[in-house]
**Student:** 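Here you go, one structure.
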Amino acid sequence: MTSETRAVVIGGGIVGCSVAYHLASLGWTEITLLEQHQLTDGTTWHSAGFVTPLRGSPATRALVGYLPALADRLRAETGLDPGWRPVGGLRLASTPARVAALTALGVELRPPSSLPPLIDDKDVQAVGWVPEEGFVRPKDLPAALAAAATALGVTVRTGVRVTGLTVASRRITGVRTSDGDLKTSTVVLAAGAASAHLGHLAGATVPVAPVNHQYAVTAPFETPLDPDTLPTVRDPDRNLYLRGAGGGLILGAYPSAPVPAWPLNGAPPLAESRAQATPAPIDELVAAASGRIRDLPEIVKVICGPEAFTPDGEPLVGQTDVPGLWAAAGMSLHGMALAGGVGKALAELITSGSSEVDVRSLSPQRFGPFAHNRHWTTTRAVDAFARLRS
């Protein structure tokens, strides 16, 4: 049986929920959101949740800046905690070059003595304070977006797998699923690392590659930390970032050799619910953390899963080369920070043809014919991930 809907959003993670909510808030209430698993079971579930305005292009920084207002709006509309924690962020500078880089960014510099007691200030020359930084609790923001979208009339269907996209006269005309077909002239790919596979079903190029990312979780400290008051910390000279979680810490680092995560069996990415990969050794991470954190608790868990990266590390926001097929994908580790702004901008593009934030530089078509080649896309996506280490 075929039914008709104004728009279909494919992907029930934080980005898909955001797109659906913002479309509905602009009056497009006949929307269907499809998720093959349960909401957030693709990539969102293993997000570390860090939010920073100091990464990426002017467009992505502007998109990140929308998050606090969105959190306030969702709290008022749903009564739910959207999970945004504006705890601020600390940037450690252990070299004159790092101090100069923070100064050039206009970051307020504080003395090493201003660090929280658990941080050892040895070798630290200055501490940058970024009040706009913080983190998002990965379960909470998608739940609030989904609740608000549903209240506006969006239909959320979980456990439904997309099996095809239909095209006529080079335009999108519908979606085939494991639970029937949908007729529509507007489809949004918000499926993270699976977006390239889905685009291929319509003959569209969506230059996204899955690359593994991991982080470690410690046991609680003897006096448990309060994550809602501890600033996030980035120590780039030690390749270390951290935040409070569960009375202990989430610890992360950027790998020198990122690993692509295309499934070896030919299946599409994220075909399994909460897909995980075997973590890489964490000796360097533990050494870096032990040298910076006093009385570091033991590591109790390492989480490793595929993240969606683009060839330049910037998200895809806009229409693909198949009219009617749009992309909101490739968040490149910053889905929690970008999802609100990306959803709003894409919804504005779809409904009115322009957006408050100029996102033309984020067009899915910006890479030209090279992006048709999966090897080219993957190689450059890995390079984009590796550049984060610096």
Side-chain angles (χ1 to χ4, degrees), residues 8-17 19-20 32-47 138-139 142 146 156-167 172 174-182 187-214 258-280 302-310 315-316 320 322 325-333 335 339 364 371-375 377-378 381-382 385:
V8 174
V9 179
I10 303 175
I14 188 170
V15 177
C17 290
V19 172
T32 301
L33 185 150
L34 302 176
E35 167 54 48
Q36 63 179 332
H37 306 302
Q38 297 301 308
L39 295 183
T40 75
D41 278 1
T43 298
T44 299
W45 72 272
H46 64 72
S47 171
K139 292 181 180 179
V156 177
R157 296 171 62 184
T158 58
V160 177
R161 183 169 55 88
V162 172
T163 59
L165 299 175
T166 57
V167 177
I172 202 78
V175 179
R176 295 192 178 107
T177 83
S178 58
D179 192 34
D181 296 346
L182 293 166
V187 175
V188 178
L189 302 179
S195 296
H197 164 77
L198 292 166
H200 183 72
L201 298 178
T205 300
V206 183
V208 170
V211 184
N212 281 332
H213 170 251
Q214 68 183 46
V259 179
W262 294 106
L264 298 179
N265 61 2
L270 309 182
E272 296 181 8
S273 177
R274 299 201 167 204
Q276 297 191 57
T278 302
V302 178
I303 296 174
C304 183
E307 294 277 355
F309 264 80
T310 64
L316 308 180
T320 71
V322 173
L325 183 63
W326 302 77
M331 299 299 114
S332 304
L333 289 187
H372 295 288
N373 185 295
R374 191 174 95 168
H375 176 74
T377 295
T378 303
V382 167
F385 193 174

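By convention here, the first residue in the shown sequence is residue 1.
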**Student:** Any side-chain heavy atom of R157 sitting closer than 4.5 Å to one from T32?
**Tutor:** yes
**Student:** Is there a side-chain contact between P315 and M331 in this structure, where contact means two heavy atoms from C-beta onward sitting under 4.5 Å apart?
**Tutor:** yes
**Student:** Does the Q214 side chain pair with the main chain of A280, one donor and one acceptor, at a distance under 3.5 Å?
**Tutor:** yes
**Student:** Step by step, work out the side-chain contact (heavy atoms from CB on, under 4.5 Å) result for L39 and L33.
**Tutor:** CA-CA 10 Å; L39 295 183; L33 185 150; 4.0 Å; yes
**Student:** V208 and A308: which non-hydrogen atoms are nearest, and at how many Å?
**Tutor:** CG1-CB, 3.5 Å
**Student:** Is it true that atom NE2 of H372 has more than 12 heavy atoms of other residues, nucleotides or ligands lying nearer than 6.0 Å?
**Tutor:** yes
**Student:** Would you please classify the geometry between the F385 ring and the F309 ring as parallel, tilted or perpendicular, with 30° and 60° separating the classes?
**Tutor:** parallel
**Student:** Give me the atom names and distance for the closest heavy-atom approach of P207 to A371.
**Tutor:** CB-CB, 3.8 Å
**Student:** Which distance, rounded to the nearest 0.5 Å, do you find between the CD of E307 and the CG of L333?
**Tutor:** 5.0 Å
**Student:** Distance-only, no hydrogens or angles: does the T44 side chain make a donor-acceptor pair with backbone N or O of I14 under 3.5 Å?
**Tutor:** yes
**Student:** How close do A191 and L198 get, counting heavy atoms only, and between which atoms?
**Tutor:** CB-CD1, 3.5 Å
**Student:** Are P263 and P268 packed together at the side-chain level, in the sense that at least one heavy-atom pair is separated by less than 4.5 angstrom?
**Tutor:** no
**Student:** Write down the atom of P260, the atom of N212, and the distance for their closest heavy-atom approach.
**Tutor:** O-ND2, 4.5 Å
**Student:** Rounded at 0.5 Å granularity, tell me how far CZ in R274 sits from OG1 in T43.
**Tutor:** 11.5 Å
**Student:** Say you draw a straight line from OG1 of T158 to NE2 of H37; how long is it, rounded to the nearest 0.5 Å?
**Tutor:** 11.0 Å
**Student:** Would you check if P364 and V206 make a side-chain contact, meaning some heavy-atom pair closer than 4.5 Å?
**Tutor:** no
**Student:** Would you name the heavy atoms of A275 and P306 that are closest together and state the gap between them?
**Tutor:** O-CD, 3.7 Å
**Student:** Which residue is it: V19, I10, V15? I am looking for the one with a side-chain contact (heavy atoms from CB on, under 4.5 Å) to L189.
**Tutor:** I10
**Student:** Would you say the side-chain atoms of T320 pair up with the backbone N or O of L325, donor to acceptor, closer than 3.5 Å?
**Tutor:** yes
**Student:** Where the side chain of S273 meets the backbone of D41, is there a donor-acceptor pair that is under 3.5 Å apart?
**Tutor:** no
**Student:** Looking at V9 and A190, what are the two nearest heavy atoms and their distance?
**Tutor:** CG1-CB, 4.4 Å
**Student:** Would you mind reporting whether W45 and P138 have side-chain heavy atoms less than 4.5 Å apart?
**Tutor:** no
**Student:** Ignoring hydrogens and geometry, is there a side-chain-to-backbone donor-acceptor pair from R374 to A196 under 3.5 Å?
**Tutor:** no
**Student:** Any sub-3.5 Å donor-acceptor pair from Q36's side-chain atoms to L270's backbone N or O?
**Tutor:** yes
**Student:** Would you confirm whether T166, through its side chain, and G174, through its main-chain N or O, come within 3.5 Å as a donor-acceptor pair?
**Tutor:** yes
**Student:** Would you find a donor on one side and an acceptor on the other, under 3.5 Å apart, between the side chain of T163 and the backbone of R176?
**Tutor:** yes
**Student:** When rounded to the nearest 0.5 angstrom, what distance separates CD1 in I172 from CG in L165?
**Tutor:** 4.5 Å
